[in-house]
Amino acid sequence: MRSKSAPMPDVPLPDAGSRGQSAGAARRLLTLAALGAVLLLCAVPRPYYIVKPGFALDAAELLPPGQSGSGKGSWLYTAIRVDDASAAEAAAAWLFKGSRVMEKRALLRGESEAEYMAGMKLVMEASQADAAEAAYRLSGVSYLRIPEKAVVLEGGRLGRGAELAAGDLVASCAGSPVKSLSGLAACLDAAATGGGVVMELARGSRTIAVHVDMNRDELGAYAEGLKRLAAGKEPQAGTEAGTEAEKAPAANAAGAPTWGELRVIEDAETGLPLEWKEASAGGPSAGLMMALAVYDRLTAGDGTGGLKVAGTGTMSPDGSVGAVGGVAQKVAAAAAAGADLFLVPPQERREAEASALRLQTRMKIAAAATLEAAAEAVAAQAALREQSFFP
């Protein structure tokens, strides 16, 4: 008699061993898929940088032992961080997060990242010399300046066709060694022909020759600008100049390279050079905070007033503060470090205030056009805080 239900076909159940084999195969497939995804990401071009907040570190820590202060506050120099990004990642960061995005080729200008960073290290060294000199000038303490090399702080075109890059060191001009901006100015001034002059530059591990195509009048005018710069008398943009020499084109005119100098600043009384430790960032934007740190060491009392003072801005030997980039990200880095006050060049104050407002930080923002104004702003904020403690 036939049963009411047909028997089920024989289907063998997997034993424990076969289950383990299946799980192992799945894990291998997942590993291969993850590896493929990583390889795919590596293969996608990443021609952009996404700019993010970096760090805030004490500039006083860059001074050698015995030359650092004992104040309760700190002088925080700030930096940005840049992350590689594909076009899609850069677009998403800009559209959905409001992040600042930079094109790599616009920043690197044909250099590799290693070459660019090596150049920025030299720019930082020039900035340290400028910061130290500004601090000595303001404090009134006697010092000696010993030039070592003329350096390009920001790349640009010199004359018709000579492209210079940040960090380029001038090795020679017209066959003669160059150790200072005044030496470079003298060489350009002495060029007798209208065919320009040849300069040899040290760019990283390479030595390159560039032909500066200027006629004699142009060379002479440019040399005048370099002489003013070497003496710390470069006029600020938009100011009126008096003498004919002062009306010569600025050595740091728009589109031209920005010049600086590697030099040793030596205390005239002790005979000791100010030797900086290597900073954790490159470029010139820590100049203001480094100058404040040195000025604090050269003067009596605690210049910080017990505050955590952060900031950004370039520094000229005459004490002028210059504009920088990445202010919003630096404000964020300072706020994360618990800073009480952030110092910024006047032309970038609004950006700093807008960033502080977005972050809802209690950190105060103060603009300073000079080193002296920055020191006064710190003193004023310290006085306000003391009044709030002792009404």
Side-chain angles (χ1 to χ4, degrees), residues 55-71 73-79 117-153 166-171 177-183 202 204 229-230 232 259-304 309-319 321 371 374-375:
F55 59 73
L57 299 176
D58 194 353
E61 296 296 326
L62 300 178
L63 297 171
Q67 291 179 270
S68 58
S70 57
S74 51
W75 303 107
L76 304 176
Y77 69 103
T78 53
M117 291 309 300
M120 287 296 100
K121 180 181 176 182
L122 291 172
V123 172
M124 167 63 86
E125 290 178 18
S127 177
Q128 289 172 330
D130 288 344
E133 184 164 358
Y136 268 91
R137 286 191 187 188
L138 183 59
S139 69
V141 177
S142 299
Y143 68 97
L144 300 174
R145 63 200 313 265
I146 306 168
E148 294 183 330
K149 287 288 183 183
V151 61
V152 177
L153 301 181
D168 281 351
L169 296 173
V170 181
V178 172
K179 292 187 176 181
S180 64
L181 285 175
S182 57
L229 187 60
W259 290 97
E261 196 172 60
L262 298 182
R263 59 189 179 281
V264 175
I265 302 300
E266 189 175 283
D267 191 292
E269 183 177 338
T270 65
L272 296 175
L274 179 58
E275 296 178 342
W276 295 87
K277 296 178 184 177
E278 185 173 343
S280 298
S285 67
L288 170 60
M289 302 313 296
M290 293 189 297
L292 284 165
V294 177
Y295 179 69
D296 191 15
R297 304 310 175 247
L298 294 173
T299 53
D302 179 7
T304 67
V309 184
T312 187
T314 66
M315 177 56 58
S316 297
D318 66 358
V321 178
L371 176 58

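Any value given below was found using the heavy atoms of this structure, including those in side chains, with hydrogens, waters and symmetry copies removed. It should be emphasised that the depicted structure is a prediction, and the values quoted were computed from it without experimental measurement. Positions are given from 1 along the sequence.
Annotation for S180 and P147: closest pair CB-CB, 3.5 Å, computed over non-hydrogen atoms. Scanning all heavy atoms of the two residues, the minimum distance from P64 to K277 falls at CA-CE, 4.2 Å. In this structure, A166 and V123 approach most closely via the heavy-atom pair CB-CG2, 4.4 Å. Smallest separation of non-hydrogen atoms from L181 and E261: N-OE2, 2.8 Å. Of all the heavy atoms in L169 and L262, the pair that sits closest is CD2-CD1, 3.7 Å. The two residues A230 and S182 have their closest heavy-atom pair at CB-N, 3.9 Å.
The distance from atom CZ of R297 to atom CG of L292, rounded to the nearest 0.5 Å, is 10.0 Å. To the nearest 0.5 Å, atoms OH (Y77) and CG (L62) are separated by 4.5 Å. Between E266 atom CD and Y136 atom OH the span is 9.0 Å, to the nearest 0.5 Å. To the nearest 0.5 Å, atom CG of residue L274 and atom CG of residue L63 are 6.0 Å apart. Rounding to the nearest 0.5 Å places CH2 of W276 at 10.5 Å from CD1 of I265.
The closest side-chain heavy-atom distance from V141 to D267 is below 4.5 Å.
The side-chain hydrogen bond (donor to acceptor under 3.5 Å, both in side chains) analysis of residues 140-153, with sequence neighbours excluded, yields the pairs E133-Y143, E133-R145, R137-Y143.
With sequence neighbours left out, S127 forms a side chain to side chain contact (heavy atoms under 4.5 Å, CB included) with P284, M290. Among residues two or more places apart in sequence or in another chain, the side chain to side chain contact (heavy atoms under 4.5 Å, CB included) test is passed with L138 by Y295, L371, E372. Residues that satisfy the salt bridge (Lys or Arg N to Asp or Glu O under 4.0 Å) test with E269, not counting sequence neighbours, are absent from this structure. Applying the salt bridge (Lys or Arg N to Asp or Glu O under 4.0 Å) criterion to K121, with sequence neighbours excluded, gives E278. Contacts of S74 classified as side chain to side chain donor-acceptor pair (under 3.5 Å), with partners at least two apart in sequence or in another chain: none. A search for side chain to side chain contact (heavy atoms under 4.5 Å, CB included) contacts involving D130 returns R263, P317, not counting sequence neighbours. Scanning for side chain to side chain contact (heavy atoms under 4.5 Å, CB included) contacts around A56 gives L76, T78, A337, with sequence neighbours left out.
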Requested in this report: Please step through side chain to side chain donor-acceptor pair (under 3.5 Å) for the pair W75 and D296, ending with a clear verdict.
Outcome: CA-CA 10 Å; W75 303 107; D296 191 15; 3.1 Å; yes

